[in-house]
Protein chains: 2
Amino acid sequence: MRAVPRGEDDRSVARKLFAIADAFERGDELTLSEIADRARLPLSTAHRLLGEWVEWGGITRSGDGRYRVGIKLWRLAVRQPSSRRLRIAAKPYLEDLFESTGEHVHLAVREGLGAVYLERMSGADAVPSITDIGSRLPLHATGVGQALLAFAPPGVFEDVIAAGPRRFLPGTVVDEGALRERMARTRATGIATSVEALTKGAFSVAAPVRDATGDVVAAVSIIAHVERLEEPQFALGVRIAGRGISAALGHRP
Amino acid sequence: MRAVPRGEDDRSVARKLFAIADAFERGDELTLSEIADRARLPLSTAHRLLGEWVEWGGITRSGDGRYRVGIKLWRLAVRQPSSRRLRIAAKPYLEDLFESTGEHVHLAVREGLGAVYLERMSGADAVPSITDIGSRLPLHATGVGQALLAFAPPGVFEDVIAAGPRRFLPGTVVDEGALRERMARTRATGIATSVEALTKGAFSVAAPVRDATGDVVAAVSIIAHVERLEEPQFALGVRIAGRGISAALGHRP
DNA sequence: GACGCGCTTCCATCAGATGGAATCGGGGAT
DNA sequence: ATCCCCGATTCCATCTGATGGAAGCGCGTC
């Protein structure tokens, strides 16, 4: 019956609907066939389910017949309380950090084995960097990622190892022992550093952000050119920002 | 079989999943029972479908057992190309407008019969106003709404009338003839005005924003105290902002 | 310690999902 | 002008996965 072998278990309608949404992870404006292809669904099924999405408003169809994510989803998402509160609390600290260094400043949270960028400020003359608001990068290969990983619930580290951390550049730390040691150091110092792990010529310094319950809910980072690696104000700056945002979230050390 | 009578047609799994998402329209952190209640689903069904949402990541479950919208949806939504482009193009014009007036400045798009607020800047001393980023207000009762309605595809106006426009305050225009006339004036002048339509003591002036194809895709507005109604700089300001944003989107008059 | 309340799990029944195939539609080539 | 091709859309007989009442569980309260 099943012409195309599926990964895992795509049986339920829900999974299929979500597979369709996932098709928009890469690619903003898709045709029916592209979506059916990425979601690994027969055309007729994809068509029907897309119809449901469109009727609801989560996906809209533009004049050219292509599908794109609709405002309904945007509305639902921007009102999301946790990230909203976090962004509002963080804003002034990120601005300070940005103004005092002129480098890229990031705020990220963990989603599974990835760091999702909630906020970003970048100087025109800073090193090129691929992160953009809403993007998701592997935990082991970024400063914020390591800060998040170091304080993540038990099991996350094991999952990262099990997933086989990818080496992007010679500087990417992928060895279990080395990673574990870094995590320990980060927990001890409250600072995570990564040098040319994902972007050539760039290093990153990150600090955790805690909420009122003491849990690490986010991380702040600065990305700068490796030339400036030794300058002490970066670590100092992100640490202060991390503490400030934590305090704004109600954290009392 | 059907203990609780349902509205319309909730048969399909998709509708049920979406009904669950809609439960978050009002209320950020919900319990299973609240969701089941709002989505008009039996507990067991709501539970199972919520499980699917959570597994996918569109909804997450926090420590206290409550459900909330997840980062996955946020990520999907913020990368949405159209609203992103629009917000980026609009930002400087909105800032100008805000700085030169000190009043509320809004950017909104149409979603069905509502105006959805994409961006908002507000002075501390401006009139109280209920709009917030991500909120949705009826087209007929706001400045941006009227600007969007005036240039909406044929049929939208009829739908607004058919839906029975609600009167919020004495100033709300709900009469078909009066509304139609306003729309015509707005199309002629490129400016929509509404006085105490939704908020007591406030008036709003709005102008349409067009994209490269000439379609009206958004509207800008200022909300200020009725005392300032006669001051000409508001209409002038929003008109200039509307034109500027349109130009930034590639519109050539 | 028993009651109440909200959450979770179970499973027999059947309504709704499925997807291959037929059809439509439009734009490019001949 | 006509044909062809390819993506989108519609159809419908088959059967699988959704359904939700009910039983079970966990926990705070009286």
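No experiment lies behind these values; they were computed from the predicted model shown. Proteins get letters first, then strands, A, B, ... in listed order; numbering begins at 1 in each.
Contact check, B:Lys16 against D:dT19: a side-chain N or O comes under 4.0 Å of OP1 or OP2. Between B:Ser12 and the phosphate of C:dG16, there is no side-chain N or O to OP1/OP2 separation shorter than 4.0 Å. The side chain of B:Arg48 places an N or O atom within less than 4.0 Å of a non-bridging phosphate oxygen (OP1 or OP2) of D:dT19.
For the residue pair B:Arg68 and B:Ser62, a side-chain donor N or O sits within less than 3.5 Å of a side-chain acceptor on the partner.
Rounded to a whole Å, the CG atom of A:Leu17 is 14 Å from the C1' atom of C:dG16. For the pair A:Leu32 CG and D:dT9 P, the interatomic distance rounds to 6 Å; values are reported in whole Å. With rounding to whole Å, A:His47 atom NE2 is found 12 Å from D:dC11 atom C1'. Between B:Leu50 atom CG and D:dT19 atom P there is a gap of 13 Å when expressed in whole angstrom units. Atom P of nucleotide C:dG19 and atom CD1 of A:Ile20 are separated by 12 Å, given to the nearest angstrom. Atom CD of B:Glu52 and atom P of C:dT8 are 15 Å apart (whole Å). Note: CG (A:Leu41) to P (D:dT9) measures 16 Å, nearest angstrom. Note: CG (A:Asp64) to P (D:dA8) measures 11 Å, nearest angstrom.
Mapping A:Ala14 and A:Thr31 onto DNA chain D by nearest heavy atom places A:Thr31 closer to the 5' end of the strand.
A salt bridge does not link B:Arg38 to B:Glu25: none of the charged nitrogens lies less than 4.0 Å from a carboxylate oxygen.
Evaluation of atom-type donor-acceptor distances gives a pair under 3.5 Å for the side chain of A:Ser44 against the base of C:dG20.
Nearest nucleotide to the B:Arg61 side chain, out of C:dT8, C:dA17, D:dT9: C:dT8. Considering only the side chain of A:Thr45, C:dT18 comes nearest among C:dT18, D:dA18, D:dT9. With C:dG6, C:dT8, D:dA8 as the choices, the nucleotide that has an atom nearest any side-chain atom of A:Leu43 turns out to be D:dA8.
Between A:Phe18 and B:Trp53, the ring planes lie tilted relative to each other; the angle falls in the 30° to 60° range.
Considering only heavy atoms from C-beta on, B:Ile161 stays 4.5 Å or farther from B:Glu158 through its side chain.
Both the sub-6.0 Å distance and the 45° axial angle are satisfied by A:Arg210 relative to the ring of A:Phe151.
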